[in-house]
Amino acid sequence: MNAGGLGDTDLKSSPLSEWTHTVSRRYQHILDKSTPHVLHRWIGFAVVVLIYALRVYFVQGFYIVTYGLGIYILQLFLAFLSPQVDPELQDGPSLPTRGSEEFRPFVRRLPEFKFWYSLTRAFCIAFMLTFFSMFDVPVFWPILLFYWLVLFVSTMKRQIMHMIKYRYVPFTFGKQKYTGKKAATVDDATASRP
């Protein structure tokens, strides 16, 4: 025993905690490396969605899991479209409403990477739930689909009205490039005069 009363075995971490730490570091490393590859990440997400859709189609069940997944997707999408600071609740400076005001970039409440990661994780969890029969609650799926569509339309209408009211667009289509001033074209006939 050392002076603190702890044995040597107390200072060492268990093999299980070392293994989980190593796995979590490798997983985080893969996530960090995938961050700049936006297109590849979304293609991978599309593959995950396709696998989930095929599973639900062939099993012909788990509609309540899919409905819950749809509600979660809607909540994530609204956070993705919303500004980090809501202009309605903000007392200080707000988003620019005129062209003469200072440009402030749109900062999302939910960044693109976290949006992608949360969606992918949700589909993977929903896929795993389809292997447990206790989550296959018998429901009439057209009612769930209709209710989700009504919820989607009403929520998106409110979000679009908010975007129009505070004049913000949550999408950018690439980086703007500075082209410089165009040089005045000089006619050869006028250039040869003294």
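Note that the structure is predicted; figures quoted are calculated from it, not measured. The chain is numbered in sequence order, starting from 1.
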Sequence neighbours left out, cut at 3.5 Å: what donor-acceptor pairs do the side chains of residues 142-155 make with other protein atoms?
| residue | atom | partner | partner atom | Å |
| --- | --- | --- | --- | --- |
| W148 | NE1 | G70 | O | 3.0 |
| S154 | OG | V150 | O | 3.1 |
| S154 | OG | L151 | O | 3.1 |
| T155 | OG1 | L151 | O | 2.6 |

[atom1] ([X]) with more than 12 external heavy atoms under 6.0 Å:
X    : atom1 : answer
M128 : CE    : no
Y57  : OH    : no
W42  : CH2   : yes

Could you state whether V47 and W116 fall into the same hydrophobic cluster, counting links through intermediate Ile, Leu, Val, Met, Phe, Trp or Tyr residues with side-chain heavy atoms under 4.5 angstrom apart?
yes
Co-membership, hydrophobic cluster, residues F132 and L69, 4.5 Å side-chain:
yes
Before you tell me yes or no, could you show the steps for H40 and S34 under side-chain contact (heavy atoms from CB on, under 4.5 Å), namely the whole-Å CA-CA distance, both residues' side-chain angles and the distance that decides it to 0.1 Å?
CA-CA 8 Å; H40 294 109; S34 72; over 6 Å; no
Output all residues satisfying side-chain contact (heavy atoms from CB on, under 4.5 Å) with L54, sequence neighbours left out; order by chain, then residue number.
L50, F58
If every non-hydrogen atom of [X] is compared with every non-hydrogen atom of [Y], which pair is closest and at what distance?
X    : Y    : value
D136 : F62  : OD1-N, 2.9 Å
L76  : S118 : CD1-CB, 3.6 Å
T35  : V38  : O-CG2, 4.2 Å
R158 : L78  : NH2-CD1, 4.5 Å
L81  : Q159 : O-NE2, 3.8 Å

Return the orientation label for the F115 and F77 ring planes: parallel under 30°, perpendicular over 60°, tilted otherwise.
tilted
Is a donor from one side chain sitting under 3.5 angstrom from an acceptor on the other, for T130 and Y52?
no
Distance in Å, [X] [atom1] paired with [Y] [atom2], rounded so as to fall on 0.5 Å steps:
X    : Y    : atom1 : atom2 : answer
S82  : M163 : OG    : CE    : 9.0 Å
F140 : Y63  : CZ    : OH    : 10.5 Å
L119 : F80  : CG    : CZ    : 9.5 Å

ring-ring contact (aromatic ring centres under 6.0 Å, His included) between F131 and F135, intermediate numbers included:
CA-CA 9 Å; F131 290 100; F135 296 111; over 10 Å; no
Pairs in or reaching into residues 37-66: which pass salt bridge (charged side-chain N to carboxylate O under 4.0 Å, His left out), with residues at least two apart or in two chains?
R41-E112
Check the pair L31, F113 against side-chain contact (heavy atoms from CB on, under 4.5 Å), reporting the backbone distance first and the verdict last.
CA-CA 10 Å; L31 284 178; F113 182 80; 4.1 Å; yes
